[in-house]
Amino acid sequence: MVCKFRIRFQKTGHLRLVSHHDLMRAFERMLRRAGLPFRSTSGFHPKPRLVFALSLPLGVAGLDEVVELELTEDLPADQVLARLHQQAPAGLEMLAIDCIPPNTTAQVCRAMYRLAVPEQRLTALVESCALLLAQPECWIERRRPELRKVDIRPYILDLRVAVDALEIDLRVTPTGSARADEVVEQLNCRDLLDAGTVLERTKLDLIDEQILVNSQ
């Protein structure tokens, strides 16, 4: 028997400085301490079958992240969430859980970000957003895994300036996406990140959930 769950969670505070690899290890410890009957991978070093929808860049806070896990027993979803919540370290909060078909895998189609911006810079930022959205191309240079140029404009769905923040909506595809910090730099706001302003990923939209909403 395989029971699969999709969990929404937050990764904030000092935990945003933890790498994706360490986050996976934290979830593994939580599963073991919670005594949940998780399904393991095969091989010499079996690990819990955990799939994160989209890895979170180091230093970015995640307000609505997605992870999927498989259990070998049919347990109530609320019990699974409660047991994980009891073992979660500070900065890691379990938000919601859904039971999903075993053959379902989260595929992200949109990622939304937020960056706090000082009031005196909002007017200029509105103009910068309008200029970027009006451009047919936006080429940036990436150094990893090798030096290359990438046009990130096709991945920028929307840019908005709220009362006190910049909001970025990015398209995510199987072949790639833009990074929020790349967009921030194009808008001449890189200095905010360098000064310690925390970039937040506020939401991940999944393809199967979007299809469900549109069919209702």
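Note: hydrogens, waters and symmetry copies are ignored here, and every other heavy atom, side chains too, is used.
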Taking the side chain from [X] and the backbone from [Y], do they hold a donor-acceptor pair closer than 3.5 Å?
X: Arg83; Y: Ala34; value: yes
X: Lys4; Y: Thr104; value: yes
X: Glu65; Y: Leu56; value: no
X: Thr12; Y: Ala61; value: no
X: Arg201; Y: Val60; value: no
X: Ser177; Y: Arg171; value: yes

Do [X] and [Y] sit within salt-bridge range, that is, some charged N less than 4.0 Å from a carboxylate O?
X: Glu209; Y: Lys203; answer: no
X: Arg114; Y: Asp164; answer: yes
X: Asp98; Y: Arg6; answer: no
X: Arg190; Y: Asp181; answer: yes

Taking all non-hydrogen atoms of both residues, which atom of [X] and which atom of [Y] are closest, and how far apart?
X: Ala165; Y: Leu122; answer: N-CD2, 4.3 Å
X: Arg8; Y: Leu204; answer: NH1-O, 3.0 Å
X: Leu63; Y: Gln10; answer: O-CG, 3.1 Å
X: Cys109; Y: Ile207; answer: CB-CG1, 3.7 Å
X: Ala180; Y: Leu170; answer: N-CD1, 3.8 Å

Verify same cluster id: [X], [Y] (apolar side-chain graph, 4.5 Å):
X: Ile168; Y: Val172; value: no
X: Leu31; Y: Phe52; value: yes
X: Ile97; Y: Leu23; value: yes
X: Val183; Y: Leu192; value: yes
X: Leu187; Y: Leu157; value: no

Tested for side chain to side chain contact (heavy atoms under 4.5 Å, CB included) against Arg32, the lone hit among Arg29, Glu28, Met30 is Glu28
Tell me, which pairs form a salt bridge (Lys or Arg N to Asp or Glu O under 4.0 Å) where one or both residues lie in residues 143-157, sequence neighbours left out?
Glu141-Arg143
Contact check, side chains of Gln79 and Leu36, non-hydrogen atoms, under 4.5 Å
no
I'd like to know whether the aromatic ring centres of Phe27 and Phe38 sit less than 6.0 Å apart in this structure.
no
For Asn103, which residues count as a side-chain hydrogen bond (donor to acceptor under 3.5 Å, both in side chains) partner, sequence neighbours excluded?
none
